[in-house]
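Chain letters run A, B, ... following the sequence lines, proteins first, then strands; residues in each count from 1.
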There are 2 protein chains.
Amino acid sequence: MANYDLLKQALKKEGLRYTIQRQSVWDELCATDDHRDAEEIYMDIRQSGSDVSRATVYRTIDVLVKNKLIRKLDLGDGRARYEHKIDTAHHDHLICVQCGKIEEFMDDLIESRQDAIIKKHGYKLIRHIHQLFIICDECSTK
Amino acid sequence: MANYDLLKQALKKEGLRYTIQRQSVWDELCATDDHRDAEEIYMDIRQSGSDVSRATVYRTIDVLVKNKLIRKLDLGDGRARYEHKIDTAHHDHLICVQCGKIEEFMDDLIESRQDAIIKKHGYKLIRHIHQLFIICDECSTK
DNA sequence: CTCCTTATTGATAATGAGTCTCAGAATTTA
DNA sequence: TAAATTCTGAGACTCATTATCAATAAGGAG
């Protein structure tokens with residue numbers, strides 16, 4: 001599942017060594033398509049039998065984010081989530097404020113309007129956040 | 001500038017008392033159209049001659065946000081900003097990643113696409129965040 | 001106006017995600 | 001193999017925000 005070449009490339013680019021701990025973090029990140037926070041990832045790594053310190057988890061995540069192997073999400077609740085879907089197309093997020101479920105959405109029209117707004121101002125777009133906080137169907141029928 | 005009736009209504013609704021400290025916080029929030037963090041607001045209140053503790057500033061801000069007298073912004077840098085523009089129409093934000101300047105934008109097409117996405121999923125929209133992180137023209141010519 | 005009950009305040013401790021430090025361990029290079 | 005360099009883990013630290021709690025103030029009742 002995990003593509004070690006991607007990790008190797010990123011580490012090489014950063015002038016960092018390929019270590020078993022960094023591989024464990026990458027393994028765990030590739031293991032699911034969830035949107036987990038650092039603590040959850042840390043706990044899941046331990047669960048899977050590996051032993052990597054919290055500090056190393058954070059440090060490795062930083063490298064992976066910087067090299068776009070994973071994406072960092074800020075849902076505004078004080079802890080960052082990480083998702084591994086690098087290969088998939090760009091998408092934004094729908095977040096259920098009740099159960100915390102996260103889904104993805106993508107709309108070409110919105111994307112092009114964004115570009116138009118930026119262009120009109122004469123700015124350069126670096127990145128964007130577009131999150132729709134909702135109550136999902138399951139939660140609304142409860 | 002500050003509309004005390006709005007504050008009074010909100011406090012009444014929450015079953016809270018009208019105090020000079022809460023009025024000072026409201027005064028300061030109404031004094032500018034900036035997007036300040038709690039510490040800046042706290043310092044500006046002291047600057048203006050009033051004396052309100054940090055704890056009370058935070059507590060009052062919470063009440064105001066809850067009652068939609070001010071809006072809370074999360075720019076992903078670890079501290080919340082607050083803006084007072086309640087009377088004005090809905091808008092989202094353009095944030096310069098270099099100088100931190102914040103501008104506002106609004107696009108009806110994007111808003112309607114959002115609604116369409118929500119409707120398609122059968123969800124209920126609670127709120128949304130749409131932030132475009134950019135490099136502004138001033139910063140890009142430096 | 002005064003007493004009494006209840007809410008508020010401010011100082012400070014606590015929290016929690018994330019970062020930093022540094023000595024010991026591991027790896028790479030000479 | 002030795003020397004140099006990078007990594008790691010444990011725990012200290014940071015910083016925004018929240019909680020605690022004794023002292024103070026507000027809002028009635030009489």
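Taking 3.5 Å as the limit, the base of dG9(D) and the side chain of Arg59(A) contain a donor-acceptor pair of atoms between them. With hydrogens and angles left out, the side chain of Arg17(A) and the base of dT28(C) share no donor-acceptor pair within 3.5 Å.
Other members of the cluster containing Leu75(B) are Leu73(A), Leu75(A), Ile95(A), Val97(A), Ile102(A), Ile126(A), Ile129(A), Phe133(A), Ile135(A), Leu73(B), Ile95(B), Val97(B), Ile102(B), Ile126(B), Ile129(B), Phe133(B), Ile135(B), with ILVMFWY side chains joined at under 4.5 Å, either directly or via other members.
Taking only side-chain atoms of Arg22(B), from C-beta outward, the nucleotide of dT21(C), dA17(C), dT8(C) with the closest atom is dT8(C). Distances from the side chain of Thr19(B) to the nucleotides dT8(C), dT8(D), dG10(C) place dT8(C) closest. Listed candidates were dA19(D), dA17(C), dG9(D). Nearest to the side chain of Ala55(A) is dG9(D).
When ring centroids are compared, His130(B) and Phe105(B) come within the 6.0 Å threshold.
Glu40(B) has its CD atom 15 Å from the P atom of dC15(D), to the nearest Å. Distance Lys12(A) NZ to dT28(C) P: 13 Å, rounded to the nearest Å. Rounding to whole angstrom units, CG of residue Leu11(A) and P of dC7(D) are separated by 8 Å. Straight-line distance from the OH atom of Tyr42(A) to the P atom of dA17(C): 13 Å, rounded to whole Å. The separation between Tyr18(A) atom OH and dT5(D) atom C1' is 21 Å, rounded to whole Å. Separating the CD atom of Glu14(B) from the P atom of dT6(C) is a distance of 20 Å, rounded to the nearest angstrom. Atom NZ in Lys66(A) sits roughly 19 Å away from atom P in dG18(C) (whole-Å rounding). Residue Arg54(B) contributes atom CZ, which lies 14 Å from atom P of dA13(C) at whole-angstrom precision.
Among residues two or more places apart in sequence or in another chain, the ring pair (Phe, Tyr, Trp, His ring centres under 6.0 Å) test is passed with Tyr42(B) by none.
In terms of phosphate contacts, Gln21(B) brings a side-chain nitrogen or oxygen within less than 4.0 Å of OP1 or OP2 of dG10(C). For dT19(C), the OP1/OP2 oxygens have no side-chain nitrogen or oxygen of Tyr58(A) closer than 4.0 Å. In this model, the phosphate group of dG10(C) is approached by a side-chain N or O of Thr56(B) to a distance below 4.0 Å at OP1 or OP2.
In this structure, Asp74(A) reaches neither bases nor backbone, as no heavy-atom distance under 4.0 Å exists between it and the strands shown. Contacts of Asp77(B) with the nucleic acid, taken as non-hydrogen atoms under 4.0 Å apart, are absent.
Between the CD1 atom of Ile117(B) and the NZ atom of Lys120(B) there is a distance of 6.5 Å, given to the nearest 0.5 Å.
Salt-bridge check for Arg36(B) with Glu28(B): passed, with a basic side-chain N closer than 4.0 Å to an acidic carboxylate O.
The residue among Ile20(B) and Asp62(B) whose nearest nucleotide of DNA chain D is located toward the 5' end is Asp62(B).
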